[in-house]
Amino acid sequence: MKVLLIGDGARENSLAFSIAKSGRYQLYAFSSYVNPGIKENVDKTNGKYFVGDILSKDEVKRVISQVSPDFGVIGPEDPLFNGAADAFREEGIPVVGPSSKASTIEKSKVWMRNLMWKYNIPGRLRYRAFNNLADAAKFVEEYGGSIAIKPSEQVGGKGVKVVADIQAYLSQEKRRAASRSVDEIGRLVKDEVKIIIEEKVDGPEYTLHVLTDGRSFLPLPLAQDYKHAYQDGIGPETGGMGSISGPGYTLPFIDEDEYKATFEIVKQTAEAIKKETGDEYVGFISGQMMLTELWGPTVIEFYSRLGDPEASAIVPRITSDFGEILELAATGKLNKAKLEVDPRPSIVRAIAPLGYPLNRDLAKGKEISLDLPKMKEIGCQAFFGAISLYGGKLITTGSRALELVAIDDTYEGAVKKLDLCTSLVSSNTKLIYRTDIGRTIEEQVEKAEIVRYSYKDRIKRGVLGASMDWSPNGGLW
Ligand SMILES: Nc1ncnc2c1ncn2[C@@H]1O[C@H](COP(=O)(O)OP(=O)(O)O)[C@@H](O)[C@H]1O
Ligand SMILES: [Mg+2]
């Protein structure tokens, strides 16, 4: 059977790896550049590699007609927004990936919040949407509580947002600075609604990815990603500098009940999307969650796909045939899927060239080499991200170049493996990576315990999700 995979990063490398590993499929890929990790799996299965504009629905259709795949798999969000999954379905080919309409759950944060309130889905935050930047700025200056300011839709790939503590003790000056950032964010948004301001919450974050064919729902093990560029969570936000998953299906700081409640939220959301758009949701729908005092499991945003670098932590832990599971999801037979997972935890460490994420030009065109056989001996897997083959050399394209993954009995053990494997990567530029990933488990367990105590108390008092500041009568909402 032929599979056509769309996308070019480390997440797609992990998918390519599991599709090839299945032994049932010939892998064809369509990327915007030649990713050496995807290419290896395409070659292994005697498939073919296509390079072009994956954001163009017409080009996706052209590749579909050349390959005639049995099913498709779409990795990143931008092709989904632009109708890549619709391109497959219009040609009568099953695909893992929601329609452009259904992927609005990720594209528009305002649409997402409206949907959650309309369908009374738990874990929803209060928010205000603004078409007019001046009104949003005025609100920010006048409001006394803590808020998160976000663009109403995904802009330029990565979200831009400010999470501001506009507490009463903050100076007028700081409030004005926050209201100025409304302007900066809003200018990037093409949608009529420009800005969404949410109540700010706090707690450990985690992601639940759920695969669905529209009828059956298959939840994957939880993962947590690390957004900030530098050690200990400082520096600018990135696409993710690493992630952790396991042991088992939860994380040490999320309990079984919270996992189930989160699954319920994601499932209800997929069902609400169908009611709202008429489109059956087929593909991954992922809740990026925070465990909060307000609600327990709380939605920060949804992905309409697997997260990256979360995928690289989860996919290598799957011991059953994940390629087949993808096929079953595409073809509406997900109820037959058998998911088996290595119980041991995994850690992903992303490696990026100096310059990422703020100065991509500096991060481009650098050479990277790595000793893959030795890494394998130590027990690490390497997925390739923003790196391309030129004349037999691995050259960076400006973003996270590699994701190293290690599975071990303990997080400490996985960190040790990653330290050894990181030393097997060399470059003619300085490499940026975080060695703290997987080493903050205890702190997060403590933080979660405090949050858990509070939200369980709210349940007892019957005030889960209720807020004084943001109530229609008591506050500004
Ligand atoms: N309402 C909120 N309260 C507290 N923190 C938030 C809130 N919304 C977002 N954040 C923080 O900002 C990060 C990015 O926000 P998110 O909505 O995921 O946007 P994007 O990933 O598109 O940039 C989240 O991972 C979370 O840490
Ligand atoms: Mg996010």
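On a predicted model such as this, the values are computed, not experimentally measured, just so you know. Every number for a ligand or one of its atoms is a count from 1 in the order of the listing.
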Ligand 1-proximal atoms of E301, by part, heavy-atom distance under 4.0 Å:
side chain
Give a yes/no verdict on a cation-pi contact between R458 and Y455, requiring under 6.0 Å between NZ or CZ and the six-membered ring centre and an angle within 45° of the axis.
no
Quick look: L125 vs ligand 1, heavy-atom contacts under 4.0 Å, and the answer is side chain
I'd like to check which ligand 1 atoms, numbered from 1 as shown, lie under 4.0 Å from a non-hydrogen atom of E198.
1 (N), 2 (C), 8 (N)
Take atom NZ of K417 as the centre, draw a 6.0 Å sphere, and report whether it contains more than 12 heavy atoms from other residues, nucleotides or ligands.
yes
What are the atoms of ligand 1, with element, lying closer than 4.0 Å to any heavy atom of M290?
5 (N)
At less than 4.0 angstrom from any non-hydrogen atom of K150, what atoms of ligand 1 do you find?
8 (N), 9 (C), 16 (P), 17 (O)
Quick check: does V201 get an N/O under 3.5 Å from an N/O on ligand 1?
yes
Of all the N, O or S atoms in E301, which one sits nearest to the Mg ion (ligand 2)?
OE2
Strictly under 2.8 Å, is any N, O or S atom of Y303 next to the Mg ion (ligand 2)?
no
The one among K227, Q288, K109 that brings a heavy atom closest to atom 22 (O) of ligand 1
K109
Kindly confirm or rule out an N or O of E237 lying under 3.5 angstrom from an N or O of ligand 1.
no
Atom CZ of F130: over 12 foreign heavy atoms under 6.0 Å
yes
As an exercise, identify every atom of ligand 1 less than 4.0 angstrom from a heavy atom of E205.
24 (C), 25 (O), 26 (C), 27 (O)
Is any side-chain N of the basic residue among K138 and D135 closer than 4.0 Å to the acidic one's carboxylate O?
no
Taking K227's backbone N and O only, do any of them form a donor-acceptor pair with D225's side chain (distance below 3.5 Å, no angle check)?
no
